[in-house]
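Comments concern the structure below.
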Amino acid sequence: MTFIRPDFRHPQSPKNDIGYTSKDYEGALSTLCAGCGHDSISAALIQACFEMSIEPHKVAKISGIGCSSKTPTYFLGNSHGFNSVHGRMPSVTTGANLANRELKYVGVSGDGDSASIGLGQFAHVVRRNLNMLYIVENNGCYGLTKGQMSATTDVDSVNKSGMLNEHQPIDLVNLALELGATFVARSFSGDKGQLVPLMKAAMSHRGFAFIDVVSPCVTFNNNVGSTKSYDYIREHNEATSALDFVPMKDEITTSYEQGASQEVTLHDGSVIHLTKAISGFDPCDRRAAIDAIKDHNERGEILTGLLYVDTDPTDLHDMSGTSCKPLNSLNEDVLCPGNATLQSINESFR
Amino acid sequence: MSNKTNTKSKVPTLKSVNELVIKFANVNGTGSASANNMFAKAIFRMGIPVTPKNIFPSNIQGLPTWYEVRISEKGYQGRREGIDMMVAVNPQSMDKDVKSVRAGGYFVYDSTRPIDIRYIREDIHYIGIPLTDICRQEYTDARQRQLFKNVIYIGALAALLGIEFNVLSDLVGDQFKGKQKLIAPNIHALELGYQYANNHFDCPLAIRVERRDLVKDRILTTGNNATGLAAVYAGATVAAWYPITPSTSVVEAFEKYASRLRIDAGTGLKNYAIVQAEDELSAIGMVIGAAWNGARSFTATSGPGISLMSEFLGLAYFAEVPAVLINVQRAGPSTGMPTRTQQPDVLSCAYASHGDTKHVLLFPSNPKECFDLTAEAFDATDRLQTPVIVMPDLDLGMNDHLCEPFTWDDSCRYDRGKVLNAAQLDELSARGKRFGRYNDVDGDGICYRTYPGTHPTKGAFFTRGTSRDPYAVYSEDGDVYVENVNRLNRKFITAKQILPAPEQVPAKNTNKKSEVGVIYYGTSDASTREALDILAAEGVFIDGLRIKAFPFHSLVEQFIHNHQQIFVIDQNRDGQMRTLLVNELDAQPSKLIKLLSYDGMPITAQNIRQQIENHLFTEKTKKKTANTKRGK
């Protein structure tokens with residue numbers, strides 16, 4: 001933050017449907033280490049929001065604590081952001097969402113934030129199917145406190161100081177599936193081609209959309225022997241399918257090969273086109289997804305892509321029957337029952 | 001039974017009309033609470049001030065539970081020591097129950113079996129009613145036998161104490177509205193008891209009640225009911241909570257009233273949201289998230305919950321996010337005595353969290369104040385942009401109290417504090433000004449905020465718990481940090497001016513200035529006033545001051561300054577309010593005398609009077625002795 005990024009942009013930078021340029025989705029300059037996977041994720045988010053023509057101020061970005069949780073400063077500078085407390089991003093987002101259901105909520109968390117201190121809140125926000133995009137920037141270590149192992153570090157993974165992890169890792173993707181998440185994906189910060197359409201689909205999903213993004217820590221966990229290093233992920237990544245996201249308002253023009261492709265229509269009418277890499281994999285089959293992830297884990301491979309989607313989910317507002325109008329927009333006329341009613345309530349206490 | 005009364009000539013007899021304490025000893029989970037509540041309500045409907053207290057264990061079924069009812073036509077509503085009549089329906093606690101009756105008082109028991117000789121005292125009257133026998137003859141179902149036993153003894157008490165029978169039968173009608181089938185059998189059970197007592201004893205007894213017109217338009221309800229209702233009136237739309245005694249009924253009341261009064265007529269959808277969170281950390285997180293996003297939100301908890309919420313409270317204080325917390329206090333430490341009352345969280349709430357934090361506290365004394373101060377808490381938290389904690393206790397929250405009826409000024413608008421909308425943001429930049437979330441343009445320590453989604457290009461800011469400059473930009477610069485935390489202190493000076501002033505209760509000797517004062521708060525109110533009346537009758541005149549809010553109003557400082565000796569009444573072990581006064585006002589510690597009660601029962605006037613007299617008397621004696629010695 002000690003220096004300022006040049007404000008200049010090409011005068012003919014392309015504009016999206018609502019007249020914004022990509023710059024309108026940028027944030028402050030990142031203070032993370034050069035080459036950090038998290039910066040690529042921020043860039044993917046900027047691109048996804050730009051391409052989807054989301055008004056930046058209609059997004060609220062919320063995070064916990066850690067390197068990942070610092071990133072909301074680095075994208076969507078015209079959105080309100082809230083860097084809350086460690087592991088508690090889900091509860092703050094839940095409250096915010098209850099107050100105004102019309103904004104889009106992007107929660108950014110890390111593996112320490114979500115799989116350790118915040119595991120409870122992670123589990124319960126999944127159960128409530130809160131309408132949000134929940135990103136875990138998963139680097140398998142605690143970067144901000146200098147590289148301690150985290151709960152997502154794989155067994156036998158070696159950290160920078162040569163320590164071998166012997167504890168079982170928590171796979172947040174499997175956990176989310178077990179807990180009933182309605183949109184589950186895994187990606188890699190170095191694969192923008194996969195990550196951007198996933199983010200777009202996730203933001204169109206009306207319910208809890210979870211993306212676990214393996215995001216190497218260049219400073220503390222990019223060494224030989226680590227299973228969250230750039231090299232390791234590139235060598236062991238297998239995608240379920242190539243995918244393309246077509247928002248509801250666009251005419252569907254993309255054509256895919258018969259037999260190898262599948263279309264998934266989301267609740268809002270948007271369409272995800274999947275070109276299958278794994279034959280028979282159905283992203284609408286929760287059990288099959290869990291099995292496929294476990295099979296790949298056993299082979300030492302990381303399965304990425306869209307793993308599961310429920311196209312007609314019931315979110316927290318649906319479940320609790322909340323007003324369609326944002327609760328924060330209601331005033332006395334609607335909220336206060338008035339003195340005459342109060343006097344009749346007094347009668348019940350006599 | 002041949003003799004109509006068992007009153008023995010040698011036994012002293014208490015005589016009293018409308019000044020008595022009746023205690024019920026029951027077994028938890030047997031349905032006694034609603035019968036006992038009907039008893040208290042009947043006294044209330046006869047126009048006589050009444051104060052019932054439910055003394056219950058942390059248990060669902062089987063342990064001893066008591067219900068104590070003070071009837072006082074003088075209007076005293078604190079707990080009074082000494083039981084005039086014990087209705088002993090629980091063999092487990094009978095030993096203790098017999099002992100607690102005042103000489104000349106009455107012991108009502110189930111005489112189906114003869115009473116154990118160990119429980120016979122020569123100085124009290126025994127009234128045996130064969131409750132089990134009557135039930136066995138009348139009912140075949142075991143559950144009915146148990147439930148109606150409670151109603152039968154209420155019927156008997158009506159005869160013994162002179163309660164108007166139709167008041168009771170009306171209450172039964174009210175209680176079972178919509179369940180018509182249950183009305184007749186309950187009235188029948190009342191009659192069984194009523195007739196048995198009339199046939200076997202000289203009714204009414206020398207202690208009894210008589211109709212008065214002293215209640216006027218006052219109401220009888222619990223603090224938690226009032227608090228939940230106030231949250232509806234004050235415009236709370238998000239409630240997030242985790243169940244904990246004694247606060248659970250706050251959110252239950254909110255839900256009860258919101259589900260009646262906050263449904264959109266067109267769609268049937270709710271103009272509120274309630275989330276039962278996975279824990280207190282999550283509950284307060286949701287409250288903060290909702291308030292940050294412009295909704296009025298609250299949580300209700302008790303001491304252990306406050307501990308868990310402390311980290312978030314520090315964030316809300318520093319990030320300047322509103323939040324209303326209702327802390328219905330119970331005895332600690334740890335889980336303490338979860339179903340017994342205390343005021344043990346004054347310090348933990350005032351300074352909750354890490355770093356230099358302090359929080360606005362409000363101290364209601366009765367349900368009417370629970371209503372008013374909760375409503376005020378929502379305005380104060382929006383105006384001050386800091387958490388506000390309302391601090392009732394178990395006694396106030398869960399027991400019925402007689403209080404003034406609730407009122408609402410329909411012309412009043414919610415004060416949402418300094419919030420800029422899109423037009424105001426445009427106007428600001430038209431004037432060449434830059435919006436700064438933490439820029440104190442008015443000098444009162446309170447800055448303007450915006451809700452997310454307000455304006456496409458203006459007013460967005462990043463909320464964080466880490467240090468930042470007036471424009472919400474991250475900064476670790478020492479000067480920037482100091483300016484920021486000093487501004488937060490300025491906000492507390494503003495708070496002193498907008499929070500409710502203490503209630504002043506001057507001593508009744510108008511011609512002479514009193515040098516002794518007493519500072520108290522919350523549920524110590526009723527007993528303190530009674531104690532001051534008793535002391536005044538004895539010629540000891542003491543000024544009273546009841547604190548309603550922290551940070552302390554300037555009147556509190558003046559009161560301490562104007563008195564030589566001040567008793568500070570705390571229902572906790574360490575005199576927490578006294579500590580807060582010493583710490584915040586630089587008050588001379590030797591001037592502030594601890595007056596404590598922390599056995600889990602509401603403080604009594606007798607206790608307060610005793611401690612004051614002991615102290616004043618001993619002090620005088622000490623002085624005298626010293627003088628005498630010096631004289632020699």
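Sequence lines set the chain letters: A, B, ... in the order given, protein chains first and strands last, and positions in each chain run from 1.
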Would you call [X] and [Y] a side-chain contact if the rule is heavy atoms closer than 4.5 Å?
X: Phe312(B); Y: Val92(A); result: yes
X: Phe349(A); Y: Leu220(B); result: no
X: Pro337(A); Y: Trp408(B); result: no
X: Tyr414(B); Y: Leu335(A); result: yes

For [X], which atoms come within 4.5 Å of any heavy atom of chain A: side chain, backbone, both, or neither?
X: Tyr272(B); result: backbone
X: Ala273(B); result: both
X: Thr407(B); result: both
X: Asn225(B); result: side chain
X: Val232(B); result: both
X: Phe371(B); result: side chain
X: Arg218(B); result: backbone

Inset, instruction - Classify the side-chain pair His80(A)/Thr454(B) by whether it contains a donor and acceptor separated by less than 3.5 Å. - result: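 No, because no side-chain N or O of His80(A) sits under 3.5 Å from a partner of the opposite role on Thr454(B).
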Legend entry - Tyr105(A) and Asn293(B): side chain donor to acceptor below 3.5 Å: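 A pair is found: one side chain offers a donor N or O, the other an acceptor, under 3.5 Å apart.
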Calculate, to the nearest 0.5 Å, the distance between atoms [atom1] and [atom2] belonging to [X] and [Y] respectively.
X: Ile263(B); Y: Ser323(A); atom1: CD1; atom2: OG; result: 10.0 Å
X: Asp410(B); Y: Glu332(A); atom1: CG; atom2: CD; result: 11.0 Å
X: Gln121(A); Y: Met286(B); atom1: CD; atom2: CE; result: 7.0 Å
X: Thr450(B); Y: His57(A); atom1: OG1; atom2: NE2; result: 11.5 Å
X: His317(A); Y: Leu269(B); atom1: NE2; atom2: CG; result: 11.5 Å
X: Ile345(A); Y: Leu261(B); atom1: CD1; atom2: CG; result: 5.0 Å

Side chain, backbone, both or neither of [X] within contact of chain B (heavy atoms, under 4.5 Å):
X: Thr93(A); result: neither
X: Arg127(A); result: neither
X: Leu330(A); result: side chain
X: Leu103(A); result: side chain
X: Pro72(A); result: both
X: Gln343(A); result: side chain
X: Thr341(A); result: both

Inset, instruction - Using a cut-off of under 4.5 Å on heavy-atom pairs, state which of Gly465(B), Gly294(B), Ala460(B), Pro456(B) scores highest against chain A. - result: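 Answer, by heavy-atom pair count under 4.5 Å with chain A: Pro456(B).
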Legend entry - Greatest number of heavy atom pairs closer than 4.5 Å to chain B - which of Asp24(A), Asn83(A), Asn97(A), Leu316(A):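 The answer is Asn83(A).
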Legend entry - Top contributor to chain B contacts, counting heavy-atom pairs under 4.5 Å, from Val85(A), Thr94(A), Leu76(A):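 Among the listed options, the one with the most contacts to chain B is Val85(A).
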Legend entry - Qualifying residue for side-chain contact (heavy atoms from CB on, under 4.5 Å) with Phe82(A), from Trp292(B), Phe462(B), Phe461(B):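 Exactly one candidate clears the test, Trp292(B).
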Legend entry - Pair Arg413(B) + Asp333(A): basic N to acidic O under 4.0 Å: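 Salt bridge between Arg413(B) and Asp333(A), a charged N being under 4.0 Å from a carboxylate O: yes.
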